[in-house]
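Below: one structure, written as structure tokens.
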Amino acid sequence: MAGFLVPPGSMCSQLSAIPGLTIAFPNSSSYAATQNDFWTLQEASLHPACIAQPTETQHVADLISAIVSHDTPFAIKGGGHAPSAGWANIENAITIDMGGLSTISVNGDASVASIGAGARWLDVYTFLDPLNRTVAGGRNGAVGVGGLTLGGGVSYFSPQVGFTCDTVVNFQVVLASGEVVNANSTENPDLFRALKGGVNDFGVVTRFDFVTLPVGEISGGSVVNDIEHRHAVFKAFANIADAPDYDIHASIVTSVVFSSISKTWTLSSTSIYTTPDLNPPVYKELFAVPSISKSIHLTTLHDFANETALPQNDILFYTSTYGVSAHLLDELFDICNASVHASQVSGGVTWLLTFEPLPSAIVAHGDDQHFGNSLGTSPKDGNSMILLLTVVWSDTSSSASVEAEAASLLSKMDQAARNRKLDRRFRYANYANPSQKPIHSYGAANREFLNKVANRYDRKGIFQKLVPGGFKLEN
Ligand SMILES: Cc1cc2nc3c(=O)[nH]c(=O)nc-3n(C[C@H](O)[C@H](O)[C@H](O)COP(=O)(O)OP(=O)(O)OC[C@H]3O[C@@H](n4cnc5c(N)ncnc54)[C@H](O)[C@@H]3O)c2cc1C
């Protein structure tokens with residue numbers, strides 16, 4: 001096979017010689033288990049020559065040494081929730097499924113949780129809830145610790161402690177050389193900072209050590225409003241997101257969802273308060289808007305994160321970051337409403353616009369030249385909001401037209417924000433489309449820093465060349 005020193009098939013047979021390591025081949029149940037675990041059809045439709053399923057750090061080190069010495073392309077799969085084809089899977093080469101490295105433990109006073117990179121957030125909360133501790137992790141329990149943390153990570157606790165990556169005190173990483181190193185504030189501190197936003201560009205992370213924080217019951221649930229009340233809901237959202245003294249216990253996600261089958265919009269807000277307070281003042285305005293249903297209740301993180309999995313579908317993400325404004329939210333809705341009714345996709349298509357606050361309170365935690373993150377966000381930008389545009393459809397033959405419609409919609413929304421001088425530079429990698437440039441959005445100084453660190457720890461550019469999936473440093 002052109003380009004490979006050893007064809008991937010025979011490379012897979014060689015990898016089977018690594019002691020204790022499972023190599024899953026097509027038509028086996030362990031191969032199917034990994035393929036069925038991807039969130040989207042685009043990812044599950046790729047066919048790796050084999051899937052390596054390590055259960056120990058040493059397996060990953062041996063794998064990387066062997067794969068790299070034979071110049072074979074590979075993909076790294078955490079929880080498999082990045083939607084784009086090739087982000088964590090690969091055609092006719094090797095996928096490393098990190099799912100078997102999912103051990104969770106805490107230190108003596110439970111102030112630090114050590115979490116295998118293949119764990120899911122539900123595993124984490126199920127382990128930590130009984131200890132009345134938590135980490136600032138993902139909101140949906142099925143999402144992987146690996147991808148979410150390396151791309152940043154927005155958590156219910158982010159207003160208290162920053163992005164998920166800001167709460168990592170140590171990464172255990174397998175470098176391109178196969179060497180296992182730690183990256184923390186004293187050992188390899190440049191790699192430590194680079195990994196906080198540097199996605200899969202520096203190595204395979206095998207373990208994350210996170211600071212924990214105390215938690216008990218939290219209050220949370222959804223408020224569903226008639227779409228006619230959207231202005232009042234957007235105004236309440238904007239007042240929460242743009243409060244000069246953001247309430248650090250509040251975490252709100254507001255979505256408008258259009259189904260091309262029913263031709264109707266749904267408006268809902270997931271409103272969390274990280275203490276057991278069912279009626280905190282921060283939600284007074286939102287809760288006063290006439291609602292169709294309201295399910296705010298006391299719950300635990302693991303119960304709330306335990307969402308029902310959806311069948312695999314074609315799904316795409318796009319993202320932008322804007323300054324907070326209820327009038328901009330109104331306009332973004334109008335832009336979508338003007339275009340989505342025309343969508344003609346057999347089996348239907350669902351358009352979701354999701355907004356979440358990105359207040360200065362969050363970004364201040366990672367804003368440190370030495371130990372901060374590499375995301376390039378700053379409190380100087382002021383309070384912002386992140387848009388996640390998600391499109392879901394089941395007719396793969398319509399993919400090109402859906403993708404073109406989504407791109408055009410995003411560009412109209414970005415233009416509306418620019419017209420109001422509310423566009424922000426940051427593009428969140430975990431919500432970005434492959435056509436976007438999140439690492440570019442971190443700013444020139446951060447990109448220069450990331451390239452310098454990559455040159456130091458991965459001289460041959462293995463994670464740029466042999467790992468084609470994900471956002472590469474030139475992005
Ligand atoms: C239903 C759903 C809910 C979500 N909720 C949130 C949320 O609450 N907060 C939030 O911030 N984001 C959220 N996201 C976005 C999520 O952070 C991204 O989709 C993220 O990429 C998922 O990580 P993963 O490990 O599951 O995915 P994967 O597809 O397995 O991995 C994503 C990327 O990370 C790389 N990677 C994974 N593990 C490693 C590793 N150990 N070493 C090196 N590289 C690795 C992969 O190669 C891939 O490029 C959500 C997504 C979905 C689909």
Side-chain angles (χ1 to χ4, degrees), residues 34 37-40 42-44 46 54 57 60 64 74-90 95-102 115-122 136-158 162-166 168 171-176 183 195 197-208 251 253 255 270 272 301 304-305 307-310 312-313 315-317 319 352 354 356 358 362 375 386 388 390 392 428-434 438 463 466-472 475:
T34 295
D37 193 45
F38 285 105
W39 188 56
T40 66
Q42 291 104 317
E43 276 287 63
L46 299 176
T57 297
V60 180
I64 296 299
F74 64 103
I76 310 152
K77 174 184 175 291
H81 271 62
S84 308
W87 251 231
N89 206 5
I90 194 162
T95 293
I96 304 177
D97 182 349
M98 299 295 289
L101 275 107
S102 55
I115 301 176
R120 310 302 172 109
W121 293 108
L122 186 60
R139 293 162 292 196
N140 178 308
V143 172
V145 172
L148 182 137
T149 306
L150 292 168
V154 181
S155 159
Y156 298 133
F157 296 88
S158 288
F163 288 100
T164 304
C165 65
D166 296 327
V168 176
F171 298 90
Q172 185 190 62
V173 198
V174 175
L175 300 177
L195 286 166
V199 291
N200 63 7
D201 284 317
F202 296 91
V204 183
V205 175
T206 45
R207 198 191 74 223
F208 298 86
S251 176
V253 176
S255 304
T270 304
I272 297 290
L301 274 173
F304 206 68
E307 296 183 25
T308 311
L310 300 172
Q312 283 172 338
N313 259 309
I315 304 178
L316 67 76
F317 280 175
T319 188
L352 298 93
T354 304
E356 50 194 84
L358 183 64
I362 293 183
L375 300 169
I386 296 182
L388 169 60
T390 308
V392 184
Y428 179 33
N430 281 342
Y431 295 169
N433 186 270
F463 284 90
L466 290 187
V467 183
F471 294 104
K472 300 291 98 180
N475 289 323

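Just so it is clear, the model here is predicted, and its values are computed rather than measured. Order of listing sets the numbers, starting from 1, for every ligand and every atom in it. Along the sequence shown, residues carry numbers from 1. Just so it is clear, the values below take in all heavy atoms, side chains as well, and ignore hydrogens, waters and symmetry mates.
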Is any N or O atom of [X], backbone or side chain, closer than 3.5 Å to an N or O atom of ligand 1?
X: His81; answer: yes
X: Gly78; answer: yes
X: Val145; answer: no
X: Asn430; answer: yes
X: Tyr428; answer: yes
X: Gly146; answer: no
X: Lys77; answer: no
X: Ile76; answer: yes
X: Gly138; answer: no

Main-chain N/O of [Y] paired to [X] side chain as donor or acceptor, under 3.5 Å:
X: Gln172; Y: Phe208; answer: no
X: Gln312; Y: Phe38; answer: yes
X: Arg139; Y: Tyr156; answer: no
X: Thr164; Y: Thr149; answer: no
X: Asp97; Y: Gly99; answer: yes
X: Asn313; Y: Val392; answer: no

Can you pull out the closest protein heavy atom to [atom]? Residue, atom name and distance to 0.1 Å, please.
atom: atom 10 (C) of ligand 1; value: Leu148 CD1, 3.3 Å
atom: atom 28 (P) of ligand 1; value: Gly80 N, 3.4 Å
atom: atom 24 (P) of ligand 1; value: Gly79 N, 3.4 Å
atom: atom 7 (C) of ligand 1; value: Arg139 NH2, 3.3 Å
atom: atom 29 (O) of ligand 1; value: Ala82 N, 3.0 Å
atom: atom 52 (C) of ligand 1; value: Val143 CG2, 3.8 Å
atom: atom 34 (O) of ligand 1; value: Gly147 CA, 3.4 Å
atom: atom 26 (O) of ligand 1; value: Gly144 N, 2.9 Å

Verify side-chain contact (heavy atoms from CB on, under 4.5 Å) between Ile90 and Leu46, making sure each step is shown before the conclusion. CA-CA 6 Å; Ile90 194 162; Leu46 299 176; 5.7 Å; no
Determine the sole option in Asn430, Thr319, Thr354 for which the side chain to side chain contact (heavy atoms under 4.5 Å, CB included) test with Ile386 is passed. Thr319
Under the side-chain hydrogen bond (donor to acceptor under 3.5 Å, both in side chains) criterion, do Tyr428 and Glu356 qualify, and how do the steps go? CA-CA 12 Å; Tyr428 179 33; Glu356 50 194 84; over 6 Å; no
Apply side-chain contact (heavy atoms from CB on, under 4.5 Å) to Phe317 and Asn433, showing your working. CA-CA 5 Å; Phe317 280 175; Asn433 186 270; 5.7 Å; no
Going by the order shown, which atoms of ligand 1 are within less than 4.0 Å of some heavy atom of [X]?
X: Trp39; value: 53 (C)
X: Leu150; value: 39 (C), 40 (C), 42 (N), 43 (C), 44 (N), 45 (C)
X: Asn140; value: 1 (C), 3 (C)
X: Ala117; value: 41 (N)
X: Gly153; value: 11 (O)
X: Ala88; value: 28 (P), 29 (O), 30 (O)

Could a heavy atom of [X] be found less than 4.0 Å from some atom of ligand 1?
X: Gly151; answer: no
X: Tyr431; answer: yes
X: Ser155; answer: no

Could you check which of Val205, Ile96, Leu195 puts a non-hydrogen atom nearest to atom 41 (N) of ligand 1? Val205
Of Gly203, Ala119, Gly86, Gly152, the one whose closest heavy atom lies nearest atom 43 (C) of ligand 1 is Gly203
Rounded to the nearest 0.5 Å, what separation is found between the OG atom of Ser155 and the CG atom of Leu301? 8.0 Å
Measure the CD1-CD1 distance between Ile76 and Ile64 for me, rounded to the nearest 0.5 Å. 6.5 Å
Dump the intermediate steps for side-chain hydrogen bond (donor to acceptor under 3.5 Å, both in side chains) on Asn140 and Glu307, then the final yes or no. CA-CA 7 Å; Asn140 178 308; Glu307 296 183 25; 3.2 Å; yes
Do Asn200 and Phe463 have side chains that approach each other closer than 4.5 Å (heavy atoms only, starting at C-beta)? no
Can you find a pair of side-chain heavy atoms, one from Thr40 and one from Trp87, that are under 4.5 Å apart? no
Apply side-chain contact (heavy atoms from CB on, under 4.5 Å) to Leu148 and Trp121, showing your working. CA-CA 10 Å; Leu148 182 137; Trp121 293 108; 3.7 Å; yes
Taking 4.0 Å as the limit for heavy-atom contacts, which would you say applies to Thr206 with ligand 1: side chain only, backbone only, both, or neither? neither
Check step by step if side-chain contact (heavy atoms from CB on, under 4.5 Å) holds for Leu101 and Arg207. CA-CA 8 Å; Leu101 275 107; Arg207 198 191 74 223; over 6 Å; no
